[in-house]
Novice: 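Structure in structure tokens, see below.
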Amino acid sequence: MRIPIKEVTPETAQAEVIGWVHEVRDLGGLTFFLIRDRTGILQVTIPKKKVGEEVLATVREVSKESLVRVRGSVKAIEKAPGGRELVPESFELLARSESPLPLDVVEKVPADLDTRLDARFLDARRPRVTAIFQIRSAVIRTVYDYLFARDFVNITTPKVVAAATEGGTELFPIAYFEKEAFLNQSPQLYKQMMMAAGFERVFEIGPIFRAEEHNTTKHLNEATSIDIEVSFADHRDVMELLEDLILHIYHTVQDRCAGPLEVLDIGELTIPDTPFDRLPYPDAIEMAAGATGEAIAYGDDIGTIAEKAIGEMIGSHYFITDWPTSIKPYYAMPYDDDPTVCKAFDLMHPRMELSSGAARVHQHDLLVRQIRAKGLSPENFEFYLAPFRYGMPPHAGWGLGAERLVMTMLGLGNIREAVLFPRDRHRLTP
RNA sequence: GCCCAGGUAGUGUAGUGGCCCAUCAUGUCGGCCUGUCACGCCGACGACUCGGAUUCGAAUUCCGACCUGGGCGCCA
């Protein structure tokens with residue numbers, strides 16, 4: 001019976017494992033194999049004079065990264081990694097690996113990210129990469145657990161759509177029979193429509209597509225968005241939910257991912273303090289001006305340099321609130337007493353934006369006016385506007401970038417490290 | 001979209017006009033080695049993105065193409 005490598009302990013008597021040949025050290029009369037599966041690495045020691053001829057014959061055939069099944073007795077040996085080693089009675093080659101390898105799994109020689117992504121299946125055999133995706137999986141699971149526990153309904157909305165959500169961002173056009181269609185940039189309109197349906201609390205974790213030709217370490221053309229929408233809530237409510245969720249994710253990863261964190265040389269995650277600072281937009285641009293010496297006009301976006309300067313000063317997660325209505329989407333709710341300011345917010349990590357959200361406009365006529373004010377045509381949004389005429393509750397929500405969350409949590413240098421098969425300006429395969 | 005940088009063995013690199021039929025490491029192959037843990041030692045194999053130009057001579061300079069990385073704008 002095959003067991004995971006991490007279950008082979010110094011106390012184990014007999015074991016059978018299946019894994020990839022991580023490394024071979026042939027000392028002549030004695031050969032050491034390191035066999036790796038997703039749970040760890042086991043040393044297999046072959047004293048050539050003491051093992052059978054069949055074992056020796058197979059050992060000669062084996063190349064690095066071949067898949068092997070090894071069965072034998074386990075010995076507690078202090079010198080061996082993990083304090084134990086396996087001496088094989090049988091050693092089978094299940095699938096031979098070609099050589100040379102497209103990249104060095106053991107990482108004696110580093111590989112460029114581009115080379116690694118070309119051979120992602122091999123790259124992902126590296127314990128570091130495996131660890132990142134184990135943690136990413138834990139993050140996503142935590143989000144599901146957290147939201148289900150709070151009565152959220154999971155929904156799935158179309159990724160093939162007829163019209164842009166917000167104007168602004170470029171969309172990928174696709175051929176949809178005789179019609180023009182696009183890949184969705186956000187589930188925004190659909191999750192709002194489900195507020196009209198009375199679902200009250202919905203969430204979706206799914207792909208979003210942006211056709212922007214950016215070429216940076218924090219942008220993807222296909223990303224994963226964690227999106228929620230809540231009825232009878234305002235921006236303050238969903239900001240609290242967001243910071244609590246972030247905190248909960250950090251704690252859960254810290255508790256449940258000790259192994260992967262150790263592989264990544266992260267002993268302790270730096271768990272952010274809550275509540276996060278709420279920094280109104282006017283204060284944010286003032287801070288940025290003070291730090292960079294470059295004034296930002298009210299109504300201008302906060303650029304990357306300003307964003308980094310503020311991030312350095314605050315040093316932790318923070319919200320930027322009370323944005324000018326002019327630079328936020330039409331669905332962000334303006335304040336009653338000053339409609340030039342809206343109830344939108346961005347959640348920032350010192351390195352980059354993680355999330356943006358808002359209390360939404362739920363009044364049909366106001367929404368139409370705001371769509372027009374952005375230079376868009378309400379006629380193109382009729383499917384979206386109709387629900388606002390039939391009892392739309394007040395609501396609020398946000399979208400959180402899953403890759404950016406993982407990236408900032410683990411201190412990854414490039415967002416592509418947080419996706420198995422990234423889609424960027426130049427990469428469409430694998 | 002704008003700007004900058006770069007393409008040298010399977011992988012990562014050195015090399016800024018002749019010292020380069022190209023450095024080092026890793027890898028692969030062969031040999032030696034019974035406690036390695038980046039095992040060690042000996043030997044071999046393997047590369048200048050493509051096209052054009054300048055020059056006595058180009059990996060090196062220039063032009064074009066293709067590919068890549070990064071910054072910015074914008075955004076999650």
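Just so it is clear: chains get the letters A, B, ... in the order the sequence lines come, proteins before strands, and each one is counted from 1. From a predicted model like this one, the values you see are computed outputs, not experimental measurements.
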Novice: Is there a side chain to side chain donor-acceptor pair (under 3.5 Å) between A:T31 and A:R60 once you walk through the steps?
Specialist: CA-CA 11 Å; A:T31 302; A:R60 280 193 290 269; over 6 Å; no
Novice: Would you say the side chain of A:R404 and the base of B:rC75 hold a donor-acceptor pair, judged only by whether the two atoms sit under 3.5 Å apart?
Specialist: yes
Novice: For atom C1', what is the distance between B:rU60 and B:rC48, given to the nearest Å?
Specialist: 10 Å
Novice: Please write out the pairs of protein N or O atoms and N or O atoms of nucleotides 24-29 of chain B separated by less than 3.5 Å, giving the distance to one decimal.
Specialist:
residue : atom : partner : partner atom : Å
B:rG27  : OP1  : A:K108  : NZ           : 3.1

Novice: Between B:rG10 and B:rA47, how far is it from one P atom to the other, in whole Å?
Specialist: 7 Å
Novice: Would you call A:E417 and A:R116 a salt bridge, taking side-chain N to carboxylate O under 4.0 Å as the test?
Specialist: yes
Novice: Please give the nucleotide sitting opposite B:rG69 as a Watson-Crick or G-U wobble pair, both distances under 3.5 Å, or none.
Specialist: B:rC4
Novice: NZ of A:K49 versus C1' of B:rC33: gap in Å, rounded?
Specialist: 11 Å
Novice: With respect to the side chain of A:T216, which nucleotide from B:rG71, B:rC74, B:rG35 is positioned closest?
Specialist: B:rG71
Novice: Side chain of A:K218 only, heavy atoms from C-beta on: which candidate in B:rG35, B:rC74, B:rG71 is closest?
Specialist: B:rC74
Novice: Taking only the side-chain nitrogens and oxygens of A:T304, find out if one of them lies under 4.0 Å from OP1 or OP2 of B:rC74.
Specialist: no
Novice: If we count only N and O atoms by modelled type, under 3.5 Å, do the side chains of A:H219 and A:E212 hold a donor and an acceptor together?
Specialist: no
Novice: With a 4.0 Å cutoff (strictly under), does any side-chain N or O of A:R126 reach OP1 or OP2 of B:rU11?
Specialist: no
Novice: Between A:T31 and B:rU36, is there a contact of a side-chain N or O with OP1 or OP2 at under 4.0 Å?
Specialist: no
Novice: Any donor-acceptor pair under 3.5 Å linking the side-chain atoms of A:T12 with those of A:E7?
Specialist: no
Novice: When you measure from the side-chain N and O atoms of A:N414 to the phosphate of B:rG70, is any distance below 4.0 Å, counting only OP1 and OP2?
Specialist: yes
Novice: Between residues 110-118 of chain A and RNA chain B, which residues have a heavy-atom gap below 4.0 Å?
Specialist: A:P110, A:A111, A:D112, A:D114, A:T115
Novice: Please work out if A:P47 contacts a base, only the sugar-phosphate, or nothing of the nucleic acid, heavy-atom cut-off 4.0 Å.
Specialist: nothing
Novice: Would you say A:E85 and A:T45 are linked by a side-chain donor-acceptor pair, where the criterion is simply a distance under 3.5 Å?
Specialist: yes
Novice: Whole angstrom is fine here: how far is it from NE2 in A:H219 over to C1' in B:rC2?
Specialist: 15 Å
Novice: Where the side chain of A:L27 is concerned, which of B:rC75, B:rG35, B:rA76 is the nearest nucleotide?
Specialist: B:rG35
Novice: Choose from B:rC33, B:rG35, B:rG71 the nucleotide whose nearest atom is closest to any side-chain atom of A:D26.
Specialist: B:rC33
Novice: Cut-off 3.5 Å, side chains only: do A:N184 and A:Y190 have a donor facing an acceptor?
Specialist: no
Novice: Between A:K79 and B:rU34, is there a side-chain N or O to OP1/OP2 distance below 4.0 Å?
Specialist: no
Novice: When you get a sec, tell me which of B:rU34, B:rC75, B:rG1 is the closest nucleotide to the side chain of A:L30?
Specialist: B:rU34
Novice: Rounded to whole angstrom, note down the C1' distance from B:rC62 over to B:rA44.
Specialist: 40 Å
Novice: Is there a side-chain contact between A:S356 and the phosphate of B:rA76, meaning an N or O under 4.0 Å from OP1 or OP2?
Specialist: yes
Novice: Tell me whether the OP1 or OP2 atom of B:rC75 has a side-chain N or O from A:H214 closer than 4.0 Å.
Specialist: no
